[in-house]
S.K.: 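Mind looking over this structure? Questions follow.
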2 protein chains.
Amino acid sequence: MQTYELILNTAYSLFARNGYEKTSLSMIAKEVGISKPAIYYYFSSKEVLFYALLQAVCDEIRFEKFFSITQFSATNFADQLVQCGLTMIQDQRDDPNYSLLMKEFMIQSTRDEKILVSVKTVIESYLNGFEALLQHGVSLGVLTGENLRVKAEMLTLVIDQIDNYMSLSIGFDYEGLWRHCVSQTLQGARS
Amino acid sequence: MQTYELILNTAYSLFARNGYEKTSLSMIAKEVGISKPAIYYYFSSKEVLFYALLQAVCDEIRFEKFFSITQFSATNFADQLVQCGLTMIQDQRDDPNYSLLMKEFMIQSTRDEKILVSVKTVIESYLNGFEALLQHGVSLGVLTGENLRVKAEMLTLVIDQIDNYMSLSIGFDYEGLWRHCVSQTLQGARS
DNA sequence: GTCTATACAAAGATAGAC
DNA sequence: GTCTATCTTTGTATAGAC
């Protein structure tokens with residue numbers, strides 16, 4: 001593997017585990033097996049390294065990665081929505097660094113406009129994705145067109161928070177929560 | 001005001017705005033108007049100061065502070081639930097440092113067992129509080145007894161995440177979200 | 001209870017050799 | 001592309017005077 005990617009991968013897990021501030025370039029350099037100044041050859045500062053990581057992660061978790069609108073039909077809509085969500089939850093469970101790093105981005109975004117923009121973009125991709133998906137559901141006749149925006153906001157908020165709570169090992173019934181949320185969203189449909 | 005409280009109050013807003021690591025004791029001392037070593041007279045370390053703050057904040061946001069079960073009757077149940085939630089949301093909007101600091105605790109809790117316990121205790125106070133409240137609602141006949149636990153988890157998760165998103169200025173319709181969430185929770189009740 | 005002065009460690013970053 | 005050596009800053013924390 002190239003040094004560049006090695007640095008990124010190492011930074012990925014170190015930032016996730018220790019947080020941005022508590023991860024020093026020395027630590028990263030040591031784990032990669034190079035010297036500290038070598039990092040500066042690839043990244044002009046610690047901040048720039050962090051941004052690069054942010055972009056890579058945001059790219060990996062876009063809405064379309066988990067929810068593919070073309071797979072949703074009138075007969076499988078609810079199941080498909082549940083299933084895609086569960087896959088997403090499972091993915092995050094498999095790589096806890098994901099959620100930890102995302103949390104780290106969230107907290108840094110309150111102090112860094114550039115990070116905030118990236119985080120917001122991800123959240124909006126979910127909001128708009130869910131809204132489009134529900135709109136598709138309306139045209140399929142699996143739900144009414146009421147409160148679509150709020151419903152999309154709810155799905156976004158819930159799937160995101162499930163992720164957060166999981167990484168804190170809060171003992172909620174995550175699968176049950178998601179199923180419940182989906183069924184409530186689609187409820188009161190059908191004639 | 002006593003120096004002790006002055007330090008706590010100053011630390012409160014500085015930790016909230018800059019985060020734990022980026023807030024130095026020098027900054028706190030300067031803002032309070034004392035010297036750095038003076039802080040050590042009251043708090044044996046920066047960590048201890050942070051713990052003290054954590055306890056104070058957790059105490060201020062317990063479930064009972066916002067939701068008083070005795071005020072819920074058969075006729076006002078839904079309205080009351082909506083109203084208490086909105087009050088909570090408004091409270092957090094009035095003091096953004098609240099949410100920011102809570103976020104800070106959340107992130108630190110992934111690396112510090114002591115903090116994790118406090119954070120979990122707060123979340124559980126909401127989970128158990130909502131469950132008891134819904135149980136009360138069942139005996140009042142305003143909702144069925146199905147899925148009480150999941151419903152309580154949902155209310156907890158949603159009100160918490162509303163708070164998070166608000167502090168990031170994500171443009172969701174927070175009042176609408178909470179109303180929708182409450183109405184879905186109580187839906188399918190009544191005969 | 002609060003100060004000045006200081007010890008000590010570690011961080012981010014740069015200069016310049018190889 | 002990677003190194004050694006070093007600069008500069010800042011942090012937490014302590015000793016001891018007042």
Side-chain angles (χ1 to χ4, degrees), chain A residues 1-56 100-101 103-105 107-115, chain B residues 1-56 100-101 103-105 107-115:
Chain A
M1 203 184 321
Q2 308 297 338
T3 307
Y4 180 88
E5 266 113 28
L6 226 77
I7 295 173
L8 265 186
N9 285 344
T10 307
Y12 174 77
S13 65
L14 285 178
F15 279 140
R17 279 207 301 272
N18 313 320
Y20 178 71
E21 330 274 358
K22 291 221 150 173
T23 301
S24 69
L25 295 180
S26 314
M27 291 167 66
I28 298 174
K30 192 178 174 186
E31 186 130 335
V32 171
I34 58 178
S35 73
K36 195 163 52 166
I39 295 180
Y40 283 90
Y41 177 78
Y42 297 96
F43 303 94
S44 58
S45 74
K46 188 185 180 183
E47 217 181 11
V48 166
L49 169 56
F50 196 60
Y51 290 150
L53 213 49
L54 172 66
Q55 291 315 321
L100 286 171
L101 197 54
K103 249 202 180 59
E104 196 63 30
F105 291 142
I107 191 88
Q108 300 295 342
S109 73
T110 63
R111 286 154 217 142
D112 184 322
E113 191 64 29
K114 220 184 277 185
I115 297 179
Chain B
M1 202 180 328
Q2 308 297 338
T3 307
Y4 179 89
E5 266 113 27
L6 227 81
I7 295 173
L8 266 185
N9 285 345
T10 307
Y12 174 77
S13 66
L14 285 178
F15 279 141
R17 279 206 300 272
N18 314 319
Y20 179 72
E21 329 275 358
K22 292 223 149 170
T23 302
S24 69
L25 295 182
S26 314
M27 290 167 66
I28 298 174
K30 191 178 176 187
E31 186 131 334
V32 171
I34 58 178
S35 74
K36 197 163 49 167
I39 296 181
Y40 283 90
Y41 177 78
Y42 297 96
F43 302 95
S44 59
S45 74
K46 187 185 180 184
E47 218 180 11
V48 165
L49 169 56
F50 194 62
Y51 289 150
L53 213 50
L54 172 66
Q55 291 315 321
L100 285 171
L101 196 54
K103 248 202 180 61
E104 194 64 30
F105 291 142
I107 191 87
Q108 299 295 343
S109 74
T110 62
R111 285 151 217 145
D112 184 322
E113 191 63 29
K114 219 184 280 186
I115 297 178

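Every chain is numbered from 1, with letters handed out A, B, ... down the list of sequences.
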S.K.: Using the test salt bridge (charged side-chain N to carboxylate O under 4.0 Å, His left out), find all partners of B/R17 that sit at least two apart in sequence or belong to another chain.
M.R.: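 Not a single residue meets the salt bridge (charged side-chain N to carboxylate O under 4.0 Å, His left out) criterion with B/R17.
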S.K.: Got a sec, which residues hit side chain to side chain contact (heavy atoms under 4.5 Å, CB included) with A/A11, two or more places apart in sequence or on another chain?
M.R.: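 A/A11 satisfies side chain to side chain contact (heavy atoms under 4.5 Å, CB included) with A/F15, A/I28, A/L49, A/L53 once adjacent residues are dropped.
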S.K.: Charged N to carboxylate O under 4.0 angstrom, B/E104 versus B/R111?
M.R.: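 Result for this pair is no, no salt bridge flagged.
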S.K.: C/dT4 C1' sits how many Å from B/I34 CD1, rounded?
M.R.: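 To the nearest whole Å, that distance equals 15 Å.
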S.K.: Just to verify, what does B/Q55 make a side-chain hydrogen bond (donor to acceptor under 3.5 Å, both in side chains) with, not counting sequence neighbours?
M.R.: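 By the side-chain hydrogen bond (donor to acceptor under 3.5 Å, both in side chains) rule, B/Q55 matches B/S118.
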S.K.: Just how far, in rounded Å, is P of C/dG12 from NZ of A/K22?
M.R.: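 Checked: the NZ to P distance equals 13 Å.
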S.K.: Base, backbone or nothing for each nucleotide of nucleotides 6-11 of chain C, written B, S, -, heavy atoms under 4.0 angstrom, 5' to 3'?
M.R.: -----S
S.K.: Could you give the start and end, 5' to 3', of the contact zone on DNA chain D for chain A, using atoms under 4.0 Å from its heavy atoms?
M.R.: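 Contact boundaries, 5' end first: D/dG1 to D/dA5.
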S.K.: Sequence neighbours excluded, which residues qualify as side-chain hydrogen bond (donor to acceptor under 3.5 Å, both in side chains) partners of B/K46?
M.R.: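 Listed in chain order: nothing, the list is empty.
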S.K.: Sort and list the pairs that fulfil side chain to side chain donor-acceptor pair (under 3.5 Å) and have at least one residue in residues 18-45 of chain B, not counting sequence neighbours.
M.R.: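 Residue pairs passing side chain to side chain donor-acceptor pair (under 3.5 Å), neighbours aside: none found.
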S.K.: So, using side chain to side chain contact (heavy atoms under 4.5 Å, CB included) as the criterion, who are the partners of B/A56 when residues are at least two apart?
M.R.: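 Partners of B/A56 by the side chain to side chain contact (heavy atoms under 4.5 Å, CB included) criterion come out as none, since no residue qualifies.
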S.K.: So which pairs with a foot in residues 3-12 of chain A pass side chain to side chain donor-acceptor pair (under 3.5 Å), sequence neighbours left out?
M.R.: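 For residues 3-12 of chain A, and leaving out neighbouring residues, the side chain to side chain donor-acceptor pair (under 3.5 Å) pairs sorted by first residue read A/Y12-A/D95.
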